[in-house]
Student: 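Submitted below is the structure of interest, expressed as structure tokens.
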Number of protein chains: 2
Amino acid sequence: MDIKNDLSMEQTILEVAEKLFLEKGFTSTSTTEIARVAGCNQALVHYYFRTKDNLFNTIFEKKFRMLFEHLYASQNFGNISFSEKVRHAVESHFDLLTNNPKLPLLVATELSRLPENLKNLRNKLQAVPFELFTRLNNELQQEIDEGRARKIELIDIIITMVTLNAGLFMLLPIANGILQLDEEHTKELLAHRRNENVQVILNYIKP
Amino acid sequence: MDIKNDLSMEQTILEVAEKLFLEKGFTSTSTTEIARVAGCNQALVHYYFRTKDNLFNTIFEKKFRMLFEHLYASQNFGNISFSEKVRHAVESHFDLLTNNPKLPLLVATELSRLPENLKNLRNKLQAVPFELFTRLNNELQQEIDEGRARKIELIDIIITMVTLNAGLFMLLPIANGILQLDEEHTKELLAHRRNENVQVILNYIKP
DNA sequence: GTTATATTTAATAGCTCTATTAATTGGCTA
DNA sequence: TAGCCAATTAATAGAGCTATTAAATATAAC
């Protein structure tokens, strides 16, 4: 049905699998369906990746790593004010999710249901760069000392940002269904909420 | 293994099914396992509920309805200030999720993957009580007019509250895994975030 | 105590899924 | 062209799942 050409079949399988896992989760996606959509025999999926678990973990690890490393990477900016850094972090995180709207739900689902996977992932991730965390913490402390922020913990800012942004994308299909939004209005809603989420965080920090 | 007595077997099956569906989702839960945990023959599950879909929908509809009706019900308070009403709504929503921590993820997962279910649910729900929405909107307008709130839409307050609270519970297992929290520290985190989420919303509204 | 009714079980048909194995095809090289 | 290796397929074992059917057991009614 969905045969792709001019890509190696191994790559095609990976891409099809990623799409299907994101749409339907691990359990509801079968190697049989992956093969059907990729346009190859089902045994080929196992030839390249041996097990369904292997295939899934290959994809999942890459995506999970991306989410995390993005959080660090989005903070490599020098000479702007703290609140501009916060704005940039929120927007950058939001944009990442806009490009990967189904990822938060997949991550939440698969890690809730198989917490032991989280242990493996945790070991494979580079540790949270304490240097970065410390630096941001110092900047925040300075903001507080100079009266530009209320007394607040950095971790709470991060948790608020992540739950707010990821929560929106995880609940978006429901909001769409209830509010009966078409694609155009969904885009508008997202553009609007991007600004609102920035506002929520900035007001949260404001003294 | 988990045989329960002194309840009708039909009720036991319902309770076991609810627990398993919440833990593992629809697809990963089998009627075979439900029967095993309930301590009865697998055919009995189908005797009472005919299909797995039926059983799931019975449970899911009840839970979904609860989530919605709670949102309305938590707003039947007369003589307190608007910001106290907001605080109460956020805390009450948070507490509901504390008692049903796995529900948001189940709802998000199953409705994302089967959007047609959402249509059925939508019809079965009582329509959003416009009277309530209008009344709150009027109160908010008055707050804005009198300078106690900045110019803001009611729907944005609601979206912020729901994504913030539900997002936290959906991501909690991940936070637990990453931060290595035991049960005690998880409780502390939740108690803390309950206050923070109130603060986030109140600051979001503040002029 | 017998009969009707509700509850529960055993057995099984019919699927679909994962994973493996052996055979087939196709391209490249010597 | 023969031979090697990678890519691909056909076939299938073995398992689990849903749903149904018929039989067995318990419960209540008369």
Side-chain angles (χ1 to χ4, degrees), chain A residues 1-62 106 109-111 113-114 116-117 120, chain B residues 1-61 106 109-110 113-114 116-117 120:
Chain A
M1 313 228 162
D2 268 53
I3 304 169
K4 303 191 177 185
N5 274 323
D6 78 296
L7 272 181
S8 78
M9 190 48 86
E10 184 177 1
Q11 190 60 28
T12 304
I13 289 170
L14 262 177
E15 292 181 11
V16 167
E18 177 176 321
K19 179 168 168 291
L20 292 178
F21 282 140
L22 279 165
E23 269 171 17
K24 314 165 26 142
F26 176 78
T27 314
S28 300
T29 303
S30 67
T31 54
T32 307
E33 185 181 10
I34 292 170
R36 211 196 62 233
V37 176
C40 71
N41 187 283
Q42 180 257 353
L44 199 61
V45 177
H46 291 269
Y47 170 75
Y48 281 121
F49 301 96
R50 201 165 51 78
T51 67
K52 183 183 166 187
D53 268 288
N54 254 345
L55 174 57
F56 181 77
N57 289 336
T58 303
I59 293 166
F60 191 77
E61 238 178 87
K62 193 185 70 186
L106 183 73
T109 304
E110 303 305 337
L111 291 184
R113 309 233 164 110
L114 287 170
E116 63 267 34
N117 277 4
N120 300 336
Chain B
M1 314 227 161
D2 267 51
I3 302 168
K4 304 191 177 184
N5 274 323
D6 78 298
L7 273 181
S8 78
M9 191 49 85
E10 184 177 3
Q11 190 60 27
T12 304
I13 289 169
L14 262 177
E15 292 182 10
V16 167
E18 178 177 319
K19 177 168 170 293
L20 292 178
F21 282 139
L22 279 165
E23 270 171 16
K24 312 166 29 144
F26 177 77
T27 315
S28 300
T29 303
S30 67
T31 55
T32 307
E33 185 181 9
I34 292 170
R36 210 195 63 234
V37 176
C40 70
N41 188 283
Q42 181 257 354
L44 198 61
V45 177
H46 291 269
Y47 169 74
Y48 280 121
F49 301 96
R50 201 164 52 78
T51 66
K52 183 184 166 185
D53 268 288
N54 255 345
L55 173 56
F56 181 77
N57 289 336
T58 303
I59 292 166
F60 192 77
E61 239 179 86
L106 182 74
T109 305
E110 303 306 336
R113 310 231 163 110
L114 287 169
E116 64 266 35
N117 276 4
N120 300 338

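Nothing here was measured: the structure is a model prediction, and the numbers come from that model. Order of the sequence lines fixes the chain letters, A, B, ..., with proteins taken first and strands second; residue numbering starts at 1 for each chain. As a basis for the values below, the full set of heavy atoms in this structure was taken, side chains included, without hydrogen atoms, waters or symmetry mates.
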Student: Would you indicate what Glu10(A) reaches in the nucleic acid, counting non-hydrogen atoms under 4.0 angstrom: base, sugar-phosphate, or nothing?
Tutor: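 Result for Glu10(A) = nothing.
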Student: What's the CD1-P distance between Ile34(A) and dA19(C), to the nearest Å?
Tutor: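 Checked: the CD1 to P distance equals 11 Å.
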Student: For the residue pair Thr109(A) and Arg113(B), what are the closest heavy atoms and their distance?
Tutor: OG1-NH2, 4.4 Å
Student: Which nucleotide sits closest to the side chain of Thr31(B): dT18(D), dT20(C), dA19(D)?
Tutor: dT18(D)
Student: Of the options dA19(D), dT9(C), dT8(D), whose atoms approach the side-chain atoms of His46(B) most closely?
Tutor: dA19(D)
Student: Does the pair Glu15(A)/Lys19(A) count as a salt bridge with the N-to-O cut at 4.0 Å?
Tutor: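 Salt bridge absent between Glu15(A) and Lys19(A).
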Student: Can you figure out which of dT9(C), dT9(D), dA19(D) approaches the side chain of Gln42(B) most closely?
Tutor: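 Closest of the options to the side chain of Gln42(B): dA19(D).
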Student: How many Å lie between CG on Leu20(B) and C1' on dC17(D), as a whole number?
Tutor: 15 Å
Student: Atom CZ of Arg50(B) to atom P of dT21(D): distance rounded to whole Å?
Tutor: 12 Å
Student: Roughly, in whole Å, what's the span from CZ in Arg36(B) to P in dC17(D)?
Tutor: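 Taking CZ of Arg36(B) and P of dC17(D), I get 9 Å after rounding.
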Student: Using whole Å, what does the distance between atom C1' of nucleotide dA7(D) and atom CD1 of Ile13(A) come to?
Tutor: 10 Å
Student: For the side chain of Ala43(B), counting heavy atoms from C-beta on, which of dA19(C), dC17(C), dA10(C) is nearest?
Tutor: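 Minimum distance to the Ala43(B) side chain belongs to dA10(C).
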Student: Which one, dT7(C), dA19(D), dT20(D), comes nearest to the side chain of Tyr47(B)?
Tutor: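 The nucleotide sitting nearest to the side chain is dT7(C).
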Student: Any base atoms under 4.0 Å from Tyr48(A), or only sugar-phosphate, or nothing? Heavy atoms, all strands.
Tutor: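 Since only primed, P, OP1 and OP2 atoms lie under 4.0 Å of Tyr48(A), the category is sugar-phosphate.
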Student: Where the side chain of Ser30(A) is concerned, which of dC17(D), dT18(C), dT9(D) is the nearest nucleotide?
Tutor: dT18(C)
Student: Judged by atom type as modelled, is there a donor-acceptor pair below 3.5 Å linking the side chain of Thr31(B) to the main-chain atoms of Val45(B)?
Tutor: no
Student: Report the distance from atom CG of Asn41(A) to atom P of dT12(D), rounded to the nearest whole Å.
Tutor: 14 Å
Student: Between Gln11(B) (CD) and dA6(C) (P), how many Å, whole number?
Tutor: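 One finds 20 Å between P of dA6(C) and CD of Gln11(B), rounded.
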Student: Where the side chain of Thr32(B) is defined as all heavy atoms beyond and including C-beta, which of dC17(D), dT8(C), dA19(C) is the nearest nucleotide?
Tutor: dC17(D)
Student: Taking Glu110(B) for the side chain and Phe26(B) for the main chain, is one N or O donor matched with an acceptor at less than 3.5 Å?
Tutor: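 Indeed, once roles are kept as given, a pair shorter than 3.5 Å links the two residues.
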Student: Take atom CG of Leu44(B) and atom C1' of dA10(C), then tell me their distance rounded to the nearest Å.
Tutor: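 In whole Å, dA10(C) C1' and Leu44(B) CG are 13 Å from each other.
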Student: Please name the pair of heavy atoms, one in Asn54(B) and one in Phe49(B), separated by the smallest distance, quoted to 0.1 Å.
Tutor: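 Where Asn54(B) meets Phe49(B) most closely, the heavy atoms are CB-O, 3.1 Å.
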